[in-house]
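One structure is given here, and the rest of the page talks about it.
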Amino acid sequence: AQWGNFSGDYHSDYDGLKPNVVKLAANPSFHWQLNKKAEIGLEWELFNRFSFSADVYDNRCNNQLVGYPLASFTGFTSITANLPANVKNSGFDFAVNAQLLQTKNVRWFFNLNLNLQDNKLISYPGLENSPYKNVYKVGDPLNNVYVLKSLGIDPQTGLRMYEDANKDGKIYVNSEVLAGTADDDRIVTLDMNTRFNGGFGTSFSFKRWSVNTQFAFSRKYMWNNMLT
């Protein structure tokens, strides 16, 4: 455990001395997390004008060091511990640079890059008995969220309608159970990870004048706070 001096509303000074209190819960069994990385890449060039690069990677992370939640009666909110989870992060990177035109007075270049990525929980022994049993699902991305299925807008009330997935006569979100089970009606899964991102641009110059443009793009779900 980590000890320290503390003086405040809950621990008053005694005889002019500050009391020692436990600041962090001890965990003598935690250790370094294990990362395994695999990557293969390829670069090539054509006609001294076009260059390409491509990389494929697959990274695995085990025994992640996290702040593991504790019950309030312990006196601590969390403890540093290892999760027995196996998480995969994989993806593909691609880039191209092209010299489209080059003369004595004119130069024109183009570039493009693209990244595809995937995240998945491969395994989690004992997940059903952990604080994350209603958060994660083996085989799904870690950043998944589970929501109700929208049926559109009720023309009479102007309110959004949702599907009663379990047909119990009410629309209910129960965060104490796994989404879509028991009395919970959340059956739509949204992966909040960025699925892909990239950019492209061009530069054009004529004598001493030049113009450069660069654009970026990505694909991911975002919360619409106006609808929540």
Side-chain angles (χ1 to χ4, degrees), residues 1-11 18-41 55-93 115-148 173-197 218-223 228:
Q2 179 178 339
W3 292 77
N5 291 327
F6 183 87
S7 180
D9 295 337
Y10 300 102
H11 298 85
K18 298 182 184 298
N20 285 329
V21 295
V22 180
K23 300 176 67 175
L24 293 175
N27 181 7
S29 61
F30 79 85
H31 51 275
W32 292 110
Q33 68 183 31
L34 177 63
N35 296 313
K36 296 180 180 180
K37 297 186 177 184
E39 182 176 356
I40 184 171
D55 295 271
V56 178
Y57 61 89
D58 188 300
N59 301 330
R60 306 294 177 97
C61 183
N62 294 278
N63 296 319
Q64 298 84 1
L65 274 172
V66 300
Y68 196 81
L70 292 177
S72 58
F73 67 81
T74 64
F76 302 95
T77 58
S78 65
I79 184 173
T80 302
N82 296 92
L83 288 186
N86 185 355
V87 178
K88 180 181 80 167
N89 291 289
S90 58
F92 171 73
D93 293 319
N115 168 254
L116 307 176
Q117 49 191 289
D118 183 51
N119 167 267
K120 185 180 296 184
L121 178 61
I122 302 299
S123 65
Y124 192 138
L127 175 60
E128 64 280 2
N129 298 317
S130 77
Y132 304 103
K133 63 181 181 181
N134 298 327
V135 179
Y136 301 137
K137 290 183 180 180
V138 173
D140 284 359
L142 293 181
N143 288 332
N144 270 4
V145 296
Y146 306 96
V147 298
L148 300 170
V173 173
N174 185 357
S175 59
E176 299 299 319
V177 302
L178 193 63
T181 65
D183 57 349
D184 186 82
D185 288 310
R186 295 171 297 167
I187 58 173
V188 177
T189 302
L190 300 178
D191 180 2
M192 304 302 289
N193 290 309
T194 300
R195 301 300 298 165
F196 63 80
N197 60 66
S218 65
R219 189 270 191 186
K220 68 175 298 184
Y221 287 108
M222 300 290 290
W223 284 114
T228 58

With sequence neighbours left out, write down each residue that passes side chain to side chain contact (heavy atoms under 4.5 Å, CB included) with Ser218, or none if nothing qualifies. Thr194, Asn197

Hey, can you pull the donor-acceptor pairs under 3.5 Å for the side chains in residues 136-146, sequence neighbours left out?
{"from": "Asn143", "atom 1": "ND2", "to": "Asn193", "atom 2": "OD1", "distance (Å)": "2.6"}

Would you say the side chain of Asn119 lies within less than 4.5 Å of the side chain of Val87, judging by non-hydrogen atoms? yes

By side chain to side chain contact (heavy atoms under 4.5 Å, CB included), which residues pair with Leu65, not counting sequence neighbours? Phe30, Gln33, Thr80, Asn82

Please list all pairs passing the salt bridge (charged side-chain N to carboxylate O under 4.0 Å, His left out) test where one or both residues lie in residues 56-81, with sequence neighbours left out. Asp58-Arg60

Can you measure from CG (Asn86) to NZ (Lys120) and round to the nearest 0.5 angstrom? 12.0 Å

Holding to side chain to side chain contact (heavy atoms under 4.5 Å, CB included), I want the full list of residues that pass it with Tyr221, two or more places apart in sequence or in another chain. Leu190, Met192, Arg219

Taking only residues two or more places apart in sequence or in another chain, which ones pass side-chain hydrogen bond (donor to acceptor under 3.5 Å, both in side chains) with Asp93? Asn115

Quick test of your reading: applying side chain to side chain donor-acceptor pair (under 3.5 Å), list the pairs with at least one residue in residues 122-133, sequence neighbours left out, ordered by first then second residue. none

Distance-only donor-acceptor hits, side chain of residues 177-186, under 3.5 Å, sequence neighbours excluded:
{"from": "Thr181", "atom 1": "OG1", "to": "Leu178", "atom 2": "O", "distance (Å)": "2.5"}
{"from": "Asp183", "atom 1": "OD1", "to": "Asn174", "atom 2": "ND2", "distance (Å)": "3.0"}
{"from": "Asp184", "atom 1": "OD1", "to": "Asn174", "atom 2": "N", "distance (Å)": "2.7"}
{"from": "Asp184", "atom 1": "OD1", "to": "Arg186", "atom 2": "NE", "distance (Å)": "2.9"}
{"from": "Asp184", "atom 1": "OD1", "to": "Arg186", "atom 2": "NH2", "distance (Å)": "3.3"}
{"from": "Asp184", "atom 1": "OD2", "to": "Gly180", "atom 2": "N", "distance (Å)": "3.0"}
{"from": "Asp184", "atom 1": "OD2", "to": "Arg186", "atom 2": "N", "distance (Å)": "3.0"}
{"from": "Asp184", "atom 1": "OD2", "to": "Arg186", "atom 2": "NE", "distance (Å)": "3.0"}
{"from": "Asp185", "atom 1": "OD1", "to": "Ala165", "atom 2": "N", "distance (Å)": "3.1"}
{"from": "Asp185", "atom 1": "OD1", "to": "Asn166", "atom 2": "N", "distance (Å)": "3.3"}
{"from": "Asp185", "atom 1": "OD1", "to": "Asn166", "atom 2": "ND2", "distance (Å)": "3.4"}
{"from": "Asp185", "atom 1": "OD2", "to": "Tyr172", "atom 2": "N", "distance (Å)": "2.8"}
{"from": "Arg186", "atom 1": "NH2", "to": "Asn174", "atom 2": "O", "distance (Å)": "3.4"}

For a quick test of reading the model, state the closest non-hydrogen atom pair linking Ala85 to Leu121 and the distance between them. CB-CD1, 3.9 Å

Applying salt bridge (Lys or Arg N to Asp or Glu O under 4.0 Å) to Arg195 and not counting sequence neighbours gives Asp118, Asp191

Kindly state each residue pair satisfying salt bridge (charged side-chain N to carboxylate O under 4.0 Å, His left out) with at least one member in residues 27-38, sequence neighbours excluded. none

Could you grab the distance from atom CG of Leu34 to atom SG of Cys61, nearest 0.5 Å is fine? 8.0 Å

